[in-house]
Enquirer: 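Quick one: this structure, given as structure tokens, is what I'll be asking you about.
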Amino acid sequence: MILIRTCKGHEELEACVDMQVEVWGYDASDLIPRKAFLVGLKIGGQVLGAFDTELPGASPEGDAGSMIGFAMSLPGVKTGKDTPDGIPRPYLHSHMLAVKDGYRNQGLGAKLKLEQRREALSRGIRRMEWTFDPLEIKNAHLNIHKLGAIVRCYSVNFYGVSSSRLQGGLPTDRLVAEWYLDSPRVTEILEGRPRTRYEIVERIEVPASIYQWKASDEDRDRALAVQEENRLKFQNAFAQGLAVLGFVRDEEGNGVFELGSPTKHPIDRDLSPGTRDKAEMD
């Protein structure tokens, strides 16, 4: 049985630190320390653990030794142009989500995100954000297609140099996912209802071979070329007021971002069209 709950105690928080090394291969310069997880919990963030309670010796309630994934978020406040009326509104920035090898591709990442959503809404928090690599097809499919997040912001080399083996030595470009937790768009997607159709104005493709190219010294330049080409496409599209509204994978495994006008679709009932057009563009 897989149990998802808030982490407790120093040992479980330390397990989150260890998992960063296991999943991303981080060195000390990139590790989020245990104390940061502890403070995050104390100030209104989230540290959720996923536990395999059927592992030998595991507690029925899960423990540090049976942790197989975690999600960590920090609290923030949107003000000024990021709100429709200038009134400050709380949100959560989901900074990390990790799943151990052997438990991936089984929907656990989605379950962690949904528990983040449930817990946030229970406190009246209606918005979450996080960054993700525009070259990671699986992450984009989860974030956009399965969860219903949208994207309107591209950050170049957001984290600077990264020790993560998954980054492949490329600049840490990131898209910013905006997840409006109880919006009509998200609700219909999560409930499996027919999706609101939208006009696709532009498509941006990521080749299925990108993973091999990033991991290969010989082909890394090809991955960099895709990153640089798509960077310009995203920046130009966002400057025109477009947003990522959909993501699909074709028969060959290539990923395709679908962009359209966010003002024509039920993204967030509390955001006016003018605010949506400008949000995260600067």
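Since the model is a prediction, treat every value here as computed from it, not as a measurement.
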Enquirer: Please name all residues satisfying salt bridge (charged side-chain N to carboxylate O under 4.0 Å, His left out) with Arg220, sequence neighbours left out, ordered by chain then number.
Expert: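 With neighbours one apart ignored, the set is Asp217.
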
Enquirer: Could you list the residues that satisfy side chain to side chain donor-acceptor pair (under 3.5 Å) with Glu136, not counting sequence neighbours?
Expert: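 Only Lys214 meet the side chain to side chain donor-acceptor pair (under 3.5 Å) criterion with Glu136.
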
Enquirer: Check residues 35-43 and write down every donor-acceptor pair under 3.5 Å in which the side-chain atom is one partner and the other belongs to a residue at least two apart or another chain.
Expert:
none

Enquirer: Taking only residues two or more places apart in sequence, or in another chain, which ones meet Pro207 in a side-chain contact (heavy atoms from CB on, under 4.5 Å)?
Expert: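 Only Trp213, Val226, Asn254 meet the side-chain contact (heavy atoms from CB on, under 4.5 Å) criterion with Pro207.
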
Enquirer: Sequence neighbours left out, what passes salt bridge (charged side-chain N to carboxylate O under 4.0 Å, His left out) with Glu202? Give chain and number order.
Expert: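 Scan of Glu202 (salt bridge (charged side-chain N to carboxylate O under 4.0 Å, His left out), adjacent residues dropped) gives none.
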
Enquirer: Can I get a per-line list of side-chain donor-acceptor pairs under 3.5 Å for residues 91-103, giving both atom names and the distance, sequence neighbours left out?
Expert:
{"from": "Ser94", "atom 1": "OG", "to": "Lys113", "atom 2": "NZ", "distance (Å)": "3.1"}
{"from": "Ser94", "atom 1": "OG", "to": "Gln116", "atom 2": "NE2", "distance (Å)": "3.2"}
{"from": "Tyr103", "atom 1": "OH", "to": "Asp52", "atom 2": "OD2", "distance (Å)": "2.7"}

Enquirer: Return the set of residues passing salt bridge (charged side-chain N to carboxylate O under 4.0 Å, His left out) with Arg123 (not counting sequence neighbours), or none when no residue passes.
Expert: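 With neighbours one apart ignored, the set is Glu119.
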
Enquirer: Just jot down the side chain to side chain donor-acceptor pair (under 3.5 Å) partners of Arg174, sequence neighbours excluded, or say none.
Expert: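 So Arg174 forms a side chain to side chain donor-acceptor pair (under 3.5 Å) with Gln167.
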
Enquirer: For Arg5, give me all partners under side-chain contact (heavy atoms from CB on, under 4.5 Å), at least two apart in sequence or on another chain.
Expert: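 side-chain contact (heavy atoms from CB on, under 4.5 Å) list for Arg5, sorted by chain: Leu3, Lys8, Glu12, Phe51.
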
Enquirer: Give every donor-acceptor pair under 3.5 Å between a side-chain atom in residues 57-64 and any protein atom, sequence neighbours left out.
Expert:
{"from": "Ser59", "atom 1": "OG", "to": "Glu61", "atom 2": "N", "distance (Å)": "3.1"}
{"from": "Asp63", "atom 1": "OD1", "to": "Gly65", "atom 2": "N", "distance (Å)": "3.2"}
{"from": "Asp63", "atom 1": "OD1", "to": "Ser66", "atom 2": "N", "distance (Å)": "3.0"}
{"from": "Asp63", "atom 1": "OD1", "to": "Ser66", "atom 2": "OG", "distance (Å)": "3.0"}
{"from": "Asp63", "atom 1": "OD2", "to": "Ser59", "atom 2": "N", "distance (Å)": "3.1"}

Enquirer: Please identify each residue that fulfils side-chain contact (heavy atoms from CB on, under 4.5 Å) with Glu191, with sequence neighbours left out.
Expert: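 Only Thr187, Arg193 meet the side-chain contact (heavy atoms from CB on, under 4.5 Å) criterion with Glu191.
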
Enquirer: Assess whether a salt bridge exists between Lys78 and Glu178, defined as any Lys/Arg side-chain N lying under 4.0 Å from an Asp/Glu carboxylate O.
Expert: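 Salt bridge: no.
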
Enquirer: For Lys233, what residues pass the side chain to side chain donor-acceptor pair (under 3.5 Å) criterion, not counting sequence neighbours?
Expert: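 Checked Lys233 against side chain to side chain donor-acceptor pair (under 3.5 Å); matches are Glu229.
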
Enquirer: So, Arg118 and Glu115, do they make that salt bridge, N to O below 4.0 Å?
Expert: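 Counted as a salt bridge, because a side-chain N and a carboxylate O are separated by less than 4.0 Å.
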
Enquirer: Side chains of Asp30 and Trp24: donor-acceptor distance under 3.5 Å anywhere?
Expert: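 Looking only at side-chain atoms, Trp24 and Asp30 do not form any donor-acceptor pair under 3.5 Å.
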
